[in-house]
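Notes follow the structure.
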Amino acid sequence: MAGKTTFLKFCGCRSKEDLLLVKESRADLAGFIFAPSKRRVTPEDAGKWVMENQPLKQQLTGVFVNPSLDEIKAALVNVPLDIVQCHGDETPGFLKELKKKTGIKIWKAVRHEQAGWSVLKEFAGVADGYVIDARVEGAYGGTGTAFDWDAVPMYLQEAERQGVPCFIAGGIHAENITKLLSYSPDGIDISSGIEEDCKKSRKKIKDIEGMMMQYENSIS
Ligand SMILES: O=C(O)c1ccccc1NCC(=O)[C@H](O)[C@H](O)COP(=O)(O)O
């Protein structure tokens with residue numbers, strides 16, 4: 001039985017070199033963090049690295065936490081983003097306004113909680129995609145922590161009902177990715193799991209790719 005292909009997003013590029021490693025990988029999307037974080041970069045730098053790494057096959061995602069409309073507009077001037085990922089406590093109303101004013105695709109990150117899939121219902125018709133991440137006190141994302149993946153099917157079901165993709169994030173690495181793949185998520189979003197010494201690691205990227213290929217061969 002042929003399984004579906006799971007998309008891959010490598011997030012939190014902090015340099016031209018990080019972006020080059022992502023460019024050379026099988027990732028479908030590359031992400032930059034424009035929110036307070038050890039991975040925060042400026043739109044000016046990200047835009048420069050994108051220019052210097054052309055041509056890029058990856059779609060570009062900008063991650064924001066409770067941004068203003070002006071902040072996003074300013075980022076879009078510098079970086080040719082395909083997707084704005086709202087990773088904070090943004091409301092459906094704000095996302096709607098953002099879409100109207102920028103015309104860009106908006107993904108909503110939802111931090112997992114009990115019955116968290118019902119939160120997705122509030123964003124139906126507004127969010128163009130979802131990232132489900134772990135809920136860690138005092139942080140919005142990029143924590144390297146996984147949540148209980150038994151909840152994954154509920155999120156996938158609601159996103160499918162809305163006709164939008166649902167990516168799973170949080171603490172994914174080469175040792176646990178096979179288990180997550182068995183839930184058939186639309187996509188997988190990784191930051192910490194491909195890093196070493198605050199940089200993206202070619203070896204860790206290769207390890208992830210190897211595990212994905214092994215899994216895909218096992219179900220084809
Ligand atoms: O990565 C960050 O530092 C970050 C900070 C604030 C909000 C979101 C952030 N990351 C968003 C992502 O899409 C990460 O890839 C996702 O949270 C998974 O991170 P990790 O657990 O490190 O793989």
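Start at 1 and go down the list; that is how both ligands and their atoms are numbered.
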According to side-chain contact (heavy atoms from CB on, under 4.5 Å), who are the partners of Glu17, at least two apart in sequence or on a separate chain? Ser15

Closer than 4.0 angstrom, basic N to acidic O: yes or no for Glu24 and Arg202? yes

Please set out all donor-acceptor pairs under 3.5 angstrom arising from side-chain atoms of residues 116-124, sequence neighbours excluded.
unit_1	atom_1	unit_2	atom_2	d
Ser118	OG	Ala115	O	2.7
Lys121	NZ	Glu158	OE1	3.4

At less than 3.5 Å, what protein N or O atoms come close to the N or O atoms of ligand 1? Include the distances to 0.1 Å.
unit_1	atom_1	unit_2	atom_2	d
ligand 1	1 (O)	Arg39	NH1	3.0
ligand 1	3 (O)	Ser37	OG	2.6
ligand 1	3 (O)	Arg39	NH1	3.0
ligand 1	13 (O)	Lys9	NZ	3.4
ligand 1	13 (O)	Gln85	NE2	3.2
ligand 1	13 (O)	Asp189	OD2	3.0
ligand 1	15 (O)	Asp189	OD1	2.7
ligand 1	17 (O)	Asp133	OD2	2.5
ligand 1	17 (O)	Gly142	N	2.8
ligand 1	21 (O)	Gly144	N	2.9
ligand 1	21 (O)	Gly171	N	2.9
ligand 1	22 (O)	Gly144	N	3.4
ligand 1	22 (O)	Ser192	N	2.9
ligand 1	22 (O)	Ser192	OG	2.3
ligand 1	23 (O)	Ser191	N	2.9
ligand 1	23 (O)	Ser192	N	3.3

Name the one of Val41, Asp18, Val63 that satisfies side-chain contact (heavy atoms from CB on, under 4.5 Å) with Phe32? Val41

For residues 58-115, the ring pair (Phe, Tyr, Trp, His ring centres under 6.0 Å) pairs (sequence neighbours left out) are Phe34-Phe64, Trp107-Phe167, His112-Phe147, His112-Tyr155

Would you indicate whether the side-chain heavy atoms of Asp189 and Gln85 approach each other to under 4.5 Å? yes

